[in-house]
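As the structure is a computational prediction, the values presented were derived from the model and not from experiment. The chains referred to below are lettered A, B, ... by the order of the sequence lines, with proteins before strands, and numbering in each begins at 1.
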Amino acid sequence: MAYSFSQQLLDWYYKNKRDLPWRQTDSPYEIWVSEIMLQQTRVETVIPYYERFLAAFPTVYDLADANQQQVLKLWEGLGYYSRGRNLHQAAKMVVDHFEGSIPSDYNTITELKGIGPYTAAAVLSIAFDKKHAVVDGNVIRVLTRYYGIEEDIRSGKTKKKIQTFADDLIPFDKPGDFNQAVMELGATVCTPKNPLCNQCPLSSDCVAYQAVKTETIPYKSPAKKIPHHQIAVGLIVNQQNELLIALRPNDAMLGGLWEFPGGKKESGESLTQTVQRELEEELGVKVDVFNKFKELKHAYSHFKITLHAYWCVITTGNPKPISGQELRWVSLSEIDQHPFPKANKTLIEELHQMDNSDLTRFVNS
DNA sequence: AACCCGGGGTC
DNA sequence: GACCCAGGGTT
């Protein structure tokens, strides 16, 4: 039974697998990088980031030698920035403690920052031919349907059960191909909506397919509602046509990225008052708030924001990094060297579309 | 176990 | 809009 599953799946995989960049290498480093980028991120999104990243850091030594700003600039827009910081930190560990070689056993490789159960199993099976079964969103979907598992996939108990099934199915020969095959099936055939069961090599033994339950398996309990915040930021321009940007602390959300200073609107406060309060708290300056530059919406995984950006001019004080982060005055040509989160990046794009020679004329225009 | 962490594609 | 994505870290 287990033999049939892996045999039919591998046959299908060798005929139908996509030609992906990380499938053209045996390098544990390159496979590791791909697996970190692929966490919670689609293949098509990852590919250009992967190519640029490896071009910049061809070996683990190059990555270990890089500075964090370089790494985050290449990660800009990919999200979950702690992945980039952790990968960088782990590369230093590989160089300093493992002589530049990615560890090839489970307990050691999971000591590296950013490598959990999934990534450990993926790298060990794909790069080192070790028999460790991966369990990701694809595997969960394929196996819950195949075995007709109707329990809530949010629960740890269900995930353990799925891990046990996967451990039982994975063959001694070609464990890396097997893992990739299950994920490939989940990504291209056994999809969340409208799965292509007529193309599936496992449909004849699939409980969900036979019972017409592919729309209800896997079951996931409802997510809780997410809040919506109003964020107001200041575009502070000095006499040299430079904008003030602030570096977020490493341990914060979006840590290591830059932003326009500002913060969350409190109830009973106007957006203008929010800007003035936040800039006084963060920078120790008083500002005049002029016209609004842009307003945009952005969705994170756990909340939504509307970002309001206002032109500001300092009336009292010199900006100091009171909340601990570094501050920098940058021209519009220098600003692009810094990594920003998406919402801020969108603002910067809008700034570029206007005149980049004189920012001050936008104030009160 | 619960919660936090981005951004993008799909339906 | 809701859901999902080659998950991991922290508490």
Undergrad: So what does A/Tyr80 hit on the nucleic acid, given a heavy-atom distance under 4.0 Å: a base, only sugar-phosphate, or nothing?
TA: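 Base contact - A/Tyr80 has a heavy atom under 4.0 Å of at least one base atom.
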Undergrad: For DNA chain B, whose closest nucleotide is more 5', that of A/Lys342 or that of A/Lys157?
TA: A/Lys157
Undergrad: Within the distance-only criterion (no hydrogens, no angle test), does the side chain of A/Glu30 pair as donor or acceptor with the backbone N or O of A/Ser27 below 3.5 angstrom?
TA: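 No; judged by distance alone, with no hydrogens or angles, the pair does not exist.
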Undergrad: Could you tell me how far apart A/His302 (NE2) and B/dG7 (P) are, to the nearest whole angstrom?
TA: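 The answer, rounded to whole Å, is 10 Å.
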Undergrad: Go through residues 214-227 of chain A and report each residue with a non-hydrogen atom lying under 4.0 Å from DNA chain B, sorted by number.
TA: A/Lys224
Undergrad: Extract all donor-acceptor atom pairs below 3.5 Å that involve side chains of residues 87-97 of chain A and protein atoms in other chains or at least two apart in sequence.
TA:
| residue | atom | partner | partner atom | Å |
| --- | --- | --- | --- | --- |
| A/His88 | NE2 | A/Leu63 | O | 3.4 |
| A/His88 | NE2 | A/Ala66 | O | 2.9 |
| A/Lys92 | NZ | A/Ala64 | O | 3.2 |

Undergrad: Does anything in residues 249-263 of chain A come within less than 4.0 Å of DNA chain B? Heavy atoms only, and list the residues if so.
TA: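 DNA chain B contact set from residues 249-263 of chain A: A/Met253, A/Leu254.
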Undergrad: Side-chain polar contacts of residues 252-264 of chain A - donor-acceptor pairs under 3.5 angstrom, sequence neighbours left out - could you list them?
TA:
| residue | atom | partner | partner atom | Å |
| --- | --- | --- | --- | --- |
| A/Trp258 | NE1 | A/Gln69 | OE1 | 2.8 |
| A/Glu259 | OE1 | A/Arg248 | NH1 | 2.8 |

Undergrad: What residues join A/Ile226 in its hydrophobic cluster, counting side-chain heavy atom gaps under 4.5 Å, either direct or through other members?
TA: none
Undergrad: Are A/Tyr50 and A/Trp22 near enough that their ring centres are under 6.0 Å apart?
TA: yes
Undergrad: Considering only Ile, Leu, Val, Met, Phe, Trp and Tyr, and joining two whenever side-chain heavy atoms are under 4.5 Å apart, list the other residues clustered with A/Tyr310.
TA: A/Ile236, A/Leu244, A/Leu271, A/Val275, A/Leu279, A/Leu283, A/Val285, A/Val287, A/Val289, A/Ile314, A/Leu327, A/Trp329
Undergrad: So, applying salt bridge (Lys or Arg N to Asp or Glu O under 4.0 Å) with A/Glu151, which one of A/Lys161, A/Lys160, A/Lys157 is it?
TA: A/Lys161
Undergrad: With a 4.0 angstrom cut-off to heavy atoms of chain A, pull out the first and last contacting nucleotide of DNA chain C, in 5'-to-3' order.
TA: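 The contact span of chain A on DNA chain C goes from C/dC4 to C/dT10.
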Undergrad: Tabulate below the donor-acceptor pairs under 3.5 Å that side-chain atoms of residues 300-309 of chain A make, not counting sequence neighbours, or state none.
TA:
| residue | atom | partner | partner atom | Å |
| --- | --- | --- | --- | --- |
| A/Thr306 | OG1 | A/His228 | NE2 | 2.8 |
| A/His308 | ND1 | A/Lys292 | NZ | 2.8 |
| A/His308 | NE2 | A/Gln230 | OE1 | 2.7 |

Undergrad: Within the side chain of A/Lys130, is there an N or O that forms a donor-acceptor pair under 3.5 Å with the backbone of A/Ser104?
TA: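 Yes: the side chain of A/Lys130 pairs with the backbone of A/Ser104.
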Undergrad: Can you tell me how far C1' in C/dC4 sits from the matching atom in B/dC5, rounded to whole Å?
TA: 16 Å
Undergrad: Base, sugar-phosphate, or nothing for A/Gly77, non-hydrogen atoms under 4.0 angstrom?
TA: sugar-phosphate
Undergrad: Enumerate the residues from residues 88-96 of chain A whose closest heavy atom to DNA chain C is under 4.0 Å, giving them by residue number; use none for an empty result.
TA: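 Here the set is empty: none.
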Undergrad: How close or far is atom C1' of B/dG7 from atom CG of A/Leu296, stated in whole angstroms?
TA: 14 Å
Undergrad: Any base atoms under 4.0 Å from A/Asn179, or only sugar-phosphate, or nothing? Heavy atoms, all strands.
TA: nothing
Undergrad: Compute the centroid of each ring, for A/Phe5 and then for A/Tyr146, and state whether the two points are separated by less than 6.0 Å.
TA: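 Yes; A/Tyr146 has its ring centre under 6.0 Å from that of A/Phe5.
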Undergrad: Do A/Thr214 side-chain atoms and A/Ala208 backbone N/O form a donor-acceptor pair below 3.5 Å?
TA: no
Undergrad: Are A/Glu350 and A/Lys294 within salt-bridge range, i.e. N to O under 4.0 Å?
TA: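 So A/Glu350 pairs with A/Lys294 through a salt bridge.
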Undergrad: So does A/Glu326 pair up with A/Arg328, basic N to acidic O under 4.0 Å?
TA: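 Yes, this pair counts.
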Undergrad: In whole angstrom, give the distance that lies between atom CG of A/Leu87 and atom C1' of B/dG6.
TA: 17 Å
Undergrad: Distance check, C1' atoms only: B/dG6 and C/dC3, in whole angstrom units.
TA: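 Roughly 16 Å separates the two C1' atoms.
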Undergrad: Tell me whether the OP1 or OP2 atom of B/dG7 has a side-chain N or O from A/His298 closer than 4.0 Å.
TA: yes
Undergrad: Hydrophobic side-chain clustering at under 4.5 Å (ILVMFWY, transitive links): who's grouped with A/Ile126? Put none if nobody.
TA: A/Ile31
Undergrad: With a 4.0 Å heavy-atom cut-off, tell me which residues in residues 100-138 of chain A come close to DNA chain B, sorted by residue number.
TA: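 Under 4.0 Å from DNA chain B: no residue of residues 100-138 of chain A.
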Undergrad: Would you find a donor on one side and an acceptor on the other, under 3.5 Å apart, between the side chain of A/Asn179 and the backbone of A/Val134?
TA: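 Checking the backbone N and O of A/Val134 against the side chain of A/Asn179, a donor-acceptor pair under 3.5 Å is found.
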Undergrad: Identify, residue by residue, the members of residues 16-55 of chain A with a heavy atom below 4.0 Å from DNA chain B, and return them in order of residue number, or none.
TA: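 A/Gln40, A/Thr41, A/Arg42, in order of number.
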Undergrad: Assess A/Arg52 against A/Tyr49: is NZ or CZ under 6.0 Å from the centre of the six-membered ring, and within 45 degrees of the ring's axis?
TA: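 Flagged: A/Arg52 positioned over aromatic ring of A/Tyr49.
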